[in-house]
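Before any comments, here is the structure.
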Amino acid sequence: MKAAFYDRPVVEVAQDLIGCVVSDDGCAGVIVETEAYHQSEPASHSFIGLRPHNRTVFGPPGRAYVYRSYGIHACLNAVCEAPGVGAAVLIRALEPVEGIELMQARRGVERLENLCSGPGKLTQALRIELSDDDCDLSVGPVVFTARPRAWRDPEIAASRRIGITKAIELEWRFSAVGSRFLSRPALSRVV
DNA sequence: CATGGGATTGACT
DNA sequence: GTCAATCCCATGC
């Protein structure tokens, strides 16, 4: 998708990314779970304002923001909204589509449901690293593409974001209804 | 300069 | 259910 797709309110983009495809390094998967983060709410990395480590989130839309979580995992985001605004969509789970054997080798697990069912898992499966930070998602190495035909108009559920301690009341987590590939089940309202 | 806390995961009780 | 692993940066003395 072009930059204009991401240059919209981050909560909209988070829903529209469900069903889109992420490709990288010989593997691909359909996005089945996302979360929106925005500088206006305290759970966001950008809430504290522009800093060296979060500068990518304030940059132009359509880039990857990759950060290290708990010192161990890399997490993948798509930067949204206008330059200067800190907003991004966290990619939390994929349905594996391509390069399954590669993903299984990298993850050390067989079950398809365990390959990309979490933000740290999918980056390991696709070998996404901190070096991919700030890459253009329409160019790569990490590439996002529009929904395939089978994913046109998916049913989407909204629920509370996972693993945060602030702004927990916001229902800014979005997931594909009925997917077996989520990081956790989403017993929640359908949008 | 020391300390503490994560947008997590996997192993273990 | 609990808990450690382990990095980067924010905060406070």
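Letters A, B, ... mirror the listed sequences (proteins, then strands); counts begin at 1.
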Which nucleotide wins on minimum distance to the side chain of A/R51, given the candidates C/dC7, B/dT9, C/dT11? C/dT11
Please give, in whole Å, the distance from B/dT8 C1' to A/Q124 CD? 12 Å
Any A/H45 side-chain nitrogen or oxygen under 4.0 Å from OP1 or OP2 of B/dA7: yes
A/E101 CD: over 12 foreign heavy atoms closer than 6.0 Å: no
Go nucleotide by nucleotide along DNA chain B from the 5' end; which of A/N114 and A/L90 gets its closest nucleotide reached first? A/L90
Do the side-chain N or O atoms of A/K121 get closer than 4.0 angstrom to the phosphate oxygens (OP1, OP2) of B/dG10? yes
Would you kindly give the NE2-to-P distance between A/H73 and B/dA7, to the nearest whole Å? 14 Å
Do A/T56 and A/D134 have side-chain atoms, one donor and one acceptor, less than 3.5 Å apart? no
For a quick test of reading the model: is some side-chain N or O of A/H53 closer than 4.0 Å to OP1 or OP2 of C/dA10? yes
Mind calculating the distance between CG (A/L170) and P (B/dA7) to the nearest angstrom? 14 Å
Between A/E81 and A/R8, does at least one N-O distance fall below 4.0 Å, as a salt bridge requires? no
Write down the distance between CD1 (A/I168) and P (B/dG6), rounded to a whole number of angstrom. 13 Å
Write down the distance between CD1 (A/I91) and P (B/dT8), rounded to a whole number of angstrom. 14 Å
Starting at the 5' end of DNA chain B and moving along, which residue's nearest nucleotide shows up first, A/R107 or A/T165? A/T165
How close or far is atom C1' of C/dC9 from atom CG of A/L50, stated in whole angstroms? 14 Å
How many Å lie between OH on A/Y70 and P on C/dC3, as a whole number? 15 Å
Is any NZ, NE, NH1 or NH2 atom of the basic residue among A/R161 and A/E35 found under 4.0 Å from an Asp or Glu carboxylate oxygen of the other? no
Say you pick atom C1' in C/dC8 and the same atom in B/dG10; how far apart are they, in whole Å? 22 Å
Touch class at under 4.0 angstrom, heavy-atom based, for A/R92 against every strand present: sugar-phosphate
For the side chain of A/Y67 and the base of B/dA7, is some donor closer than 3.5 Å to an acceptor across the two? yes
Integer angstrom distance from the P of B/dA7 to that of C/dT11: 14 Å
So, for A/Y67 and A/H45, is the gap between ring centers shorter than 6.0 Å? yes
Here's a test of your reading of the structure: between A/L130 and A/I72, which maps to the more 5' nucleotide of DNA chain C? A/I72
Lys NZ or Arg CZ of A/R51 over A/F58 ring: under 6.0 Å, within 45°: no
If B/dA7 has a Watson-Crick or G-U wobble mate with both distances under 3.5 Å, name it; if not, just say none. none
Starting at atom CZ of A/F47, determine the distance to atom C1' of B/dG6, rounded to an integer number of angstrom. 16 Å
When both distances are under 3.5 Å in a Watson-Crick or G-U wobble arrangement, the nucleotide paired with B/dC12 is C/dG1
Verify the stacking flag for A/Y37 against B/dA7: centroid separation must be under 5.5 angstrom and the ring planes must differ by under 30 degrees. yes
